[in-house]
There are 2 protein chains.
Amino acid sequence: MPRNRRPQDREEKRAEIVAAATTLFTESGFDQTSLSKVASAAGVTTTTIYWYFADKDALLVAVLDDVLDTALAEAALEPERPWAEQVLWAVDRLERFERLVTVVHARAATAEAVGAWHDSFHTLMDAMMVEGYRGAGVPEADLVPMTRISAFVVEGLMTHPQTEHDRRAVIELLTRPR
Amino acid sequence: MPRNRRPQDREEKRAEIVAAATTLFTESGFDQTSLSKVASAAGVTTTTIYWYFADKDALLVAVLDDVLDTALAEAALEPERPWAEQVLWAVDRLERFERLVTVVHARAATAEAVGAWHDSFHTLMDAMMVEGYRGAGVPEADLVPMTRISAFVVEGLMTHPQTEHDRRAVIELLTRPR
DNA sequence: ACCTGAACACCGTTCAAGT
DNA sequence: ACCTGAACACCGTTCAAGT
């Protein structure tokens with residue numbers, strides 16, 4: 001028992017830091033959240049964060065991983081629904097992470113770790129959506145561009161709040177069989 | 001002559017600062033460009049910038065206005081072409097401003113002036129594209145969602161570099177009559 | 001009116017020192 | 001192995017002082 005208490009504590013403390021950062025980055029923005037704010041919200045010192053994460057961008061990646069894992073787990077519990085409903089549900093659920101989306105784009109060009117996360121995120125999304133579109137009867141040749149357009153539209157809707165009516169119209173047009 | 005020399009100088013110096021900031025923000029990114037770098041590139045002191053602009057975000061808005069004006073003037077000279085060609089041309093021309101796009105999204109939530117610029121930019125784009133789509137025979141009810149999807153896709157292509165082939169496929173699918 | 005140098009509060013990050 | 005306080009270089013911004 002004493003053998004594995006340390007690693008467990010370590011995991012717990014790391015998780016507390018990530019949890020604090022997730023809330024603050026999501027609600028106040030990455031740039032507007034200093035590491036000292038994250039530290040005091042997590043009950044540690046600023047320098048302690050550097051024992052768990054290489055730098056602020058590495059902490060951001062940990063937050064992104066956490067949010068993505070949670071979202072995927074949640075999505076897995078959702079019943080199968082028409083494709084348009086699913087997209088609408090996803091946008092609804094993810095809208096609050098708008099600030100994470102914009103900061104990923106802003107820092108992807110600068111911080112290698114964030115860029116790598118961004119790339120693999122889109123690879124994953126593409127793979128998941130291809131299934132949905134194939135099932136919906138989209139011609140094989142259109143699958144890749146269609147998933148890309150969908151990803152862009154979902155990101156666009158997340159980062160450009162619309163009236164409920166306009167949002168529905170966009171998703172309906174996007175998913176309408178052609 | 002002496003009466004209007006001062007205002008003219010003022011305009012010139014302001015333009016030099018904006019020009020320096022445009023290059024640096026575009027190539028190195030907004031966050032990575034300190035005001036002291038802008039200042040020395042423009043041959044002034046950091047504090048001088050504050051005589052011309054309220055803060056760093058106001059300078060960003062001036063850069064955005066400048067880039068947009070130039071782009072619109074350039075576009076006006078282009079011959080009328082098929083809609084798909086026009087979108088492709090626009091993405092090609094604007095790709096180098098990727099870092100401006102991402103920083104506008106990142107700061108729109110924080111800096112009111114940037115948020116206002118972003119809103120009016122999309123209003124302008126919507127108005128311009130509605131014309132194009134109406135001319136291409138898109139049904140009246142689909143015009144608004146269609147312009148919104150197009151804006152999201154253009155932004156997506158600008159901020160997510162693709163192979164030339166994939167980019168073409170996306171634009172072709174987007175503009176294909178339905 | 002325009003420009004500057006010095007100063008301020010804050011930031012991310014490092015590091016020697018503790019346990 | 002883990003955590004800290006003090007320090008570093010830098011940042012955006014302010015302001016009293018110059019012309």
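First the proteins, then the strands, lettered A, B, ... as listed; each starts at 1.
In this structure, dA17(C) forms no base pair with any nucleotide, since neither Watson-Crick nor G-U wobble geometry is met with both distances under 3.5 Å. Both distances falling under 3.5 Å, in either a Watson-Crick or a G-U wobble arrangement, occur for no nucleotide opposite dC3(D). Figure legend. dC10(D) is base-paired to no nucleotide; pairs are counted as Watson-Crick or G-U wobble with both atom distances under 3.5 Å.
Heavy atoms of Thr47(B) sit under 4.0 angstrom from at least one base atom. Using a 4.0 Å heavy-atom distance criterion, Phe53(B) is classed as making no nucleic acid contact.
Using a 4.0 Å cut-off between a side-chain N of Lys or Arg and a carboxylate O of Asp or Glu, Arg167(A) and Glu95(A) qualify as a salt bridge.
The side chain of Arg10(B) places an N or O atom within less than 4.0 Å of a non-bridging phosphate oxygen (OP1 or OP2) of dC2(C). An OP1 or OP2 oxygen of dC10(D) is reached within less than 4.0 angstrom by no side-chain nitrogen or oxygen of Lys37(B). For dC3(C), the OP1/OP2 oxygens have no side-chain nitrogen or oxygen of Thr45(B) closer than 4.0 Å.
Distances from the side chain of Leu35(A) to the nucleotides dG12(C), dT13(D), dC11(D) place dG12(C) closest. Here the nucleotide nearest the side chain of Ser34(A), chosen from dC11(C), dT13(C), dT4(D), is dC11(C).
Seen from the ring of Tyr52(B), Lys13(B) does not count as a face-on cation partner, given the 6.0 Å and 45° thresholds.
The NZ-C1' distance, from Lys56(A) to dC11(C), rounds to 8 Å in whole Å. The distance from atom CG of Leu59(A) to atom C1' of dT13(C) is 14 Å, rounded to the nearest whole Å. One can place CZ of Arg14(A) at 13 Å from P of dC3(D), the figure rounded to the nearest angstrom. For Tyr52(B) and dG12(D), the OH to P distance is 20 Å, given to the nearest whole Å. Put simply, OH on Tyr50(B) is 21 Å from P on dA1(C), counting in whole angstrom units. Here dA1(D) presents its C1' atom at 12 Å from CG of Asp9(A), a figure rounded to the nearest Å. Rounded to whole angstrom, the span from the CD atom of Glu16(A) across to the C1' atom of dC3(D) amounts to 15 Å. One interatomic measurement links the two molecules: CH2 of Trp51(A) to P of dG18(C), which rounds to 17 Å at whole-angstrom precision.
When each of Leu24(A), Thr23(A), Thr22(A) is tested with Thr26(A) by the rule side-chain contact (heavy atoms from CB on, under 4.5 Å), just one qualifies, namely Thr22(A). Of the candidates Leu64(A), Leu60(A), Asp31(A), Val103(A), Leu60(A) is the only one forming a side-chain contact (heavy atoms from CB on, under 4.5 Å) with Phe25(A).
Checking Ala54(A) against Gln32(A), the closest nucleotide of DNA chain C that is more toward the 5' end is the one next to Gln32(A).
Within 6.0 Å of CD on Glu164(B) lie more than 12 heavy atoms contributed by other residues, nucleotides or ligands.
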